[in-house]
Number of protein chains: 2
Amino acid sequence: MEKNKNIRENWLMRDASAISRFGFIFMGKALKEHNVSGGDHGTIMFLSKHPQVNQDFISHRTMLDKATIAKSLARLEEQGLVMREVDPNNKRAKIISLTEEGEKIVNIVEDALDTWSKQVTEGLTEQEVQKFTALAAKIARNARSLVHEGHCKCD
Amino acid sequence: MEKNKNIRENWLMRDASAISRFGFIFMGKALKEHNVSGGDHGTIMFLSKHPQVNQDFISHRTMLDKATIAKSLARLEEQGLVMREVDPNNKRAKIISLTEEGEKIVNIVEDALDTWSKQVTEGLTEQEVQKFTALAAKIARNARSLVHEGHCKCD
DNA sequence: GGGCAACAGTTGCATATGCAACAATTGTTA
DNA sequence: TAACAATTGTTGCATATGCAACTGTTGCCC
């Protein structure tokens with residue numbers, strides 16, 4: 001059987017890697033003066049859309065390891081951008097929220113993301129962007145299932 | 001103006017990151033017994049399709065930093081999978097090629113990639129996969145131009 | 001109620017990556 | 001030809017990430 005050329009050359013994984021890497025680099029530069037690293041912008045954005053959640057929830061939704069989230073939040077707390085309070089109903093868990101300072105950063109992050117999104121989707125129709133985003137979500141979910149089979153509460 | 005919800009939540013970058021991360025994890029596990037790390041499978045595949053090139057060429061085509069490629073090749077050379085010979089016509093450059101051992105690994109890498117590709121594109125039509133791959137390539141190129149504007153020979 | 005399993009988070013370690021500075025070679029220009 | 005710029009690759013450092021082991025808490029079952 002003839003294998004798909006794109007698959008054989010592995011451009012799917014390579015391009016996905018490039019998109020995320022360049023995205024992190026871009027966001028890191030854009031948020032440098034606020035001492036927010038390239039990856040941590042995702043945590044901020046997630047918190048702005050999903051306030052008052054615990055770290056495990058963030059970990060599952062962002063598809064990042066709980067250790068990665070813990071360290072990201074520690075950095076952001078250090079910068080005074082998030083608060084971590086022990087859940088009174090479950091002393092194991094911590095309820096995460098953005099501080100006032102963190103809320104201010106959200107707009108800056110959004111602006112940087114808009115700039116990035118506009119630039120990287122140049123030459124694509126709105127419909128193509130929508131399609132791409134939807135397909136990427138599906139593929140990402142499949143990839144997680146493949147690597148972490150049975151370990152995910154969301155499936 | 002109302003910003004696009006997907007863009008605001010930054011799923012594009014997040015999902016791209018997830019796809020590549022899980023891909024590297026999967027490939028790392030698949031190639032563990034051959035002492036090939038998750039990222040290095042890309043170098044091997046590239047060399048199998050583009051033999052006898054120098055490191056700069058690999059760096060540009062894979063969109064990875066030249067230092068990253070240098071270290072990847074050092075690891076693969078250590079494993080006896082690639083050879084690095086000084087280009088007689090340009091003593092700065094090194095001509096890279098797979099060893100016999102390296103060529104053997106290629107099939108194993110391809111099989112792992114096929115398994116991965118089949119699994120992660122489950123629920124997508126062949127046409128959607130093609131479309132996704134094409135769009136990802138465009139977006140990745142745009143992203144590189146945005147971050148490394150003017151620094152790329154390929155544009 | 002006591003013991004054990006599950007959950008939530010943290011920490012240590014290994015690794016891959018980018019950037020900057022560097023070395024060696026080649027090309028260019030005055 | 002000599003000096004300077006560009007090319008090619010390497011190394012040191014910083015960082016983000018995943019995994020595994022660990023702590024503390026909660027829930028469950030006998």
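Computed over heavy atoms, backbone and side chain alike; hydrogens, waters and symmetry mates excluded. Each chain gets a letter, A, B and so on, in the order its sequence line appears, and its residues count up from 1. Keep in mind the model is a prediction, meaning the values are calculated, not measured.
Among the heavy atoms of the strands lying under 4.0 Å from B:Ser37 are primed sugar atoms or P, OP1, OP2 only; no base atom is included. Using a 4.0 Å heavy-atom distance criterion, B:Ile25 is classed as a sugar-phosphate-only contact. Among the heavy atoms of the strands lying under 4.0 Å from A:Asn54 are primed sugar atoms or P, OP1, OP2 only; no base atom is included. Backbone-only engagement by B:Leu64 is indicated by non-hydrogen atom pairs under 4.0 Å involving sugar-phosphate atoms exclusively. A:Asn90 comes within contact range of the sugar-phosphate backbone alone, with a heavy-atom separation under 4.0 Å but no base atom that close.
Ion pairing between a basic and an acidic side chain is recognised when a charged N comes within 4.0 Å of a carboxylate O; B:Glu78 and B:Arg75 show no such pairing. Between B:Glu110 and B:Lys49 there is a salt bridge, with a side-chain nitrogen of the basic residue lying less than 4.0 Å from a carboxylate oxygen of the acidic one.
Annotation: the span from B:Leu76 atom CG to B:Arg84 atom CZ amounts to 9.0 Å, rounded to 0.5 Å. Atoms CD and NZ, from B:Gln55 and B:Lys94 in turn, are 6.0 Å apart once rounded to the nearest 0.5 Å. For the atom pair A:Trp116 CH2 and A:His41 NE2, the distance stands at 8.0 Å (nearest 0.5 Å).
Here the closest heavy-atom approach between residue B:Val106 and residue B:Ser48 is recorded as CG2-CB, 3.8 Å. Heavy atoms only, all atoms of each residue included: B:Gly123 and B:Glu128 are closest at O-OE1, 4.2 Å.
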Give every donor-acceptor pair under 3.5 Å between a side-chain atom in residues 26-33 of chain B and any protein atom, sequence neighbours left out.
none

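Checked by atom type and distance alone, the side chain of A:Ser59 pairs as donor or acceptor with a backbone atom of A:Leu64 at under 3.5 Å.
Nearest to the side chain of B:Asp65, among C:dG18, C:dA8, D:dG18, sits C:dG18. Nearest to the side chain of B:Arg84, among D:dT17, C:dT26, D:dT10, sits D:dT10. With distances taken from any side-chain atom of B:Arg21 to the nucleotides C:dT10, D:dG18, C:dA8, the minimum falls on D:dG18.
Placement of A:Met83 and A:Val109 in two distinct hydrophobic clusters is found when ILVMFWY residues are connected by side-chain heavy-atom separations under 4.5 Å, directly or transitively.
Applying the 4.0 Å criterion to OP1 and OP2 of C:dT10, one finds that A:Gln55 has a side-chain N or O inside that range. For A:His60, no side-chain nitrogen or oxygen approaches OP1 or OP2 of C:dC7 to under 4.0 Å. The phosphate of D:dT15 (OP1 or OP2) has no side-chain N or O of A:Arg75 nearer than 4.0 angstrom.
Summary of the strand contacts: A:Asn89 and B:Ser17 both lie near DNA chain D, and taking for each the nucleotide with the nearest heavy atom, the more 5' one is attributed to B:Ser17.
If you measure from atom CZ of B:Phe24 to atom P of D:dC19, you get 14 Å, rounded to the nearest angstrom. Between B:Arg144 atom CZ and C:dG18 atom C1' the separation is 15 Å, expressed in whole Å. Rounding to whole angstrom units, CZ of residue B:Phe26 and C1' of D:dG18 are separated by 17 Å. Rounded to an integer number of Å, the gap from CG of B:Asp56 to P of D:dT8 is 5 Å. Protein atom NE2 of B:His41 is 13 Å distant from nucleotide atom C1' of C:dA16, rounded to whole Å. In this entry the distance linking CE of A:Met27 with C1' of C:dG18 reads 18 Å, nearest Å. For A:Glu85 and C:dA8, the CD to C1' distance is 17 Å, given to the nearest whole Å. One atom, CG of B:Asp87, and another, C1' of C:dT26, lie 12 Å apart when rounded to the nearest Å.
Between the side chain of A:Arg92 and the base of D:dT25 there is at least one donor-acceptor pair of N/O atoms closer than 3.5 Å. A donor and an acceptor atom sit less than 3.5 Å apart, one in the side chain of B:Lys66 and one in the base of D:dG9.
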Atom pairs under 3.5 Å, N or O on each side, protein against nucleotides 12-14 of chain D: can you list them with distances?
from	atom 1	to	atom 2	distance (Å)
D:dG12	O6	B:Lys71	NZ	2.8

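For the segment residues 28-36 of chain A, the set of residues with a heavy atom within less than 4.0 Å of an atom of DNA chain D is empty.
For the 3.5 Å distance criterion, the side chains of B:Asp40 and B:Ser37 qualify, holding a donor opposite an acceptor.
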